[in-house]
Amino acid sequence: MTVRQAENLFYTLLNNKWMGSGSGETIQIYSPDDNEVVGEVPALSQEEVAAAIQKTADVQETWEAKEIHERSALLHRWAEELEKMTDEIGEMIHKEVGKTFAAGKSEVERTAQLIRYTAEEGLRTQGSFIQGDAFPGATKQTKAIVQKVPHGVVLAISPFNYPVNLAASKIAPALITGNTVIFKPATQGSISGLLMVQALVKAGLPEGVVNVVTGRGAVIGDFIVTHPLIDMITFTGGTATGKHISKKASMIPIVLELGGKDSAIVLEDADLNKAAKEIVNGALSYSGQRCTAIKRVMVVDSVADELIGKVKEMVSGLKVGRSSEDASVTPMIDQKSADFVTNLIEDARNKGATVVLEGIKEKNLLGPTLLDHVTEEMEIAWKEQFGPVLPFMRIENEREAIALEKRNQYGLQVSVFTNNLENAFSISDKLNVGTIQVNGKTSRGPDHFPFLGVKNSGQGVQGIGRSIDSMLRDKVLVLNF
Ligand SMILES: O=C[C@H](O)COP(=O)(O)O
């Protein structure tokens, strides 16, 4: 049995069986490249989802009871199986979400490394031992053993932009710590997610330990996040959906990786060649459809012309086209997202921004657009474009950048470009974001670094070690001698 039932029909994994929905209903997935159908996945009903959750809850104690080195060994085998499927999954990522084949394969390779690291890091998870006598009135006769135990059933919801990597970065930490998993992939990217789970089945996944629920968000979305057998939620996606989930689900831990409006602050003393290269790469890789993409540049006026000139030259050399043509800037995930970006560009143009470089617009394929003299009145200064347009805001000095940053509704990352490290530290102290990159583009990796957003960018911390922590709670055993 395999996930693929016919050329374009894929089944989901329920209790280690590849199944369609009882109704036979499916959801079609279209390629961003040419709008052709890539495949279809089952549209499960609430009853089918409930049965999957029940089974995943039933097997959790047994999974938790396994020795951790056995769970670790499963993850190692998963990484091996995944690597064997690199071409197949890389190709599917390419078709489903419009990354190039090379980028799809590199996502699979990165994921295998992440799973291996998680398999090792999980082995080092330890509790602690506390003597009672540090607190007035208590004595050494009272001792606490603080154990780390899993939450139970983890609901992992992944986004379209890393359908394999951002799914595994939730599933692997959940499994190593003894949680079982309900995996809800974003519809676009769900076949890639299912193929990734097929590698896990080949590795020896016990029945029910991971169940995958595909379906329409409108039908099963609220149902899963409010289901009483879900003990923890880890979600990556848009801020509006993340906030909705956190309102709906109550009394359980939730980790949210949401949107960002990451700024690059370029100071007078920066290495402008390096800054330009990092900005272009940071802003436009995968056409800017990354939470960590650089989404606005604040540049000191005295070096703005030079920086923008360098950026323009580099961006002009980028190939714009389909992901099947190995282009650097490829079609956006759907027309709605492309229209959103186009409207932001029009708003800025109408309010007086200078269009330094105008990208082509062919349906959902947008060439990169560079906007100069962007001001606070323009929507593009504040809204997350999640696409290939980069606004430049000219500033007098770093104080102005810090003031603008304080009003950012998001708080994921900021890049500071300067040759004065002391100054970089002092700016960093004043920024309320998860991560500050000095002289480098904003990005999540290396994947064992803590990764977090504050304000509307999220809650909780990820990155391999912290993701493992998020899957565990304390359980305290007190010895009263
Ligand atoms: O889209 C959100 C991802 O976590 C970004 O990851 P990345 O920085 O590796 O592209």
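As the structure lists them, so they are numbered: ligands from 1, and atoms in each ligand from 1. All values below were derived from every heavy atom in this structure, side-chain atoms included, with hydrogens, water molecules and symmetry-related copies excluded.
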Would you list the atom pairs, donor with acceptor, under 3.5 Å between side chains in residues 86-94 and any protein atom, with sequence neighbours excluded?
residue : atom : partner : partner atom : Å
T86     : OG1  : E83     : O            : 2.6
H94     : ND1  : K99     : O            : 2.8
H94     : ND1  : S323    : OG           : 3.2

Quick test of your reading: applying salt bridge (charged side-chain N to carboxylate O under 4.0 Å, His left out), list the pairs with at least one residue in residues 252-269, sequence neighbours left out, ordered by first then second residue.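 Of all non-adjacent pairs touching residues 252-269, none passes salt bridge (charged side-chain N to carboxylate O under 4.0 Å, His left out).
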Salt bridge (charged side-chain N to carboxylate O under 4.0 Å, His left out) contacts in which one or both residues fall within residues 436-453, not counting sequence neighbours: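 Residue pairs passing salt bridge (charged side-chain N to carboxylate O under 4.0 Å, His left out), neighbours aside: R110-D447.
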So F386 and F160, would you call those rings parallel, tilted or perpendicular, with 30° and 60° as cut-offs?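 Ring orientation, 0 to 90° scale: perpendicular.
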If you count only heavy atoms, which residues are under 4.0 Å from ligand 1?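 Contacts of ligand 1 under 4.0 Å: R110, N161, Y162, L166, E257, R290, C291, T292, S443, R444, F451.
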What do you reckon, is NZ of K202 surrounded by more than 12 foreign heavy atoms closer than 6.0 Å?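 Above 12, so yes.
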Do the charged groups of R77 and E80 touch, with an N to O distance under 4.0 Å?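 No, no charged N to carboxylate O under 4.0 Å.
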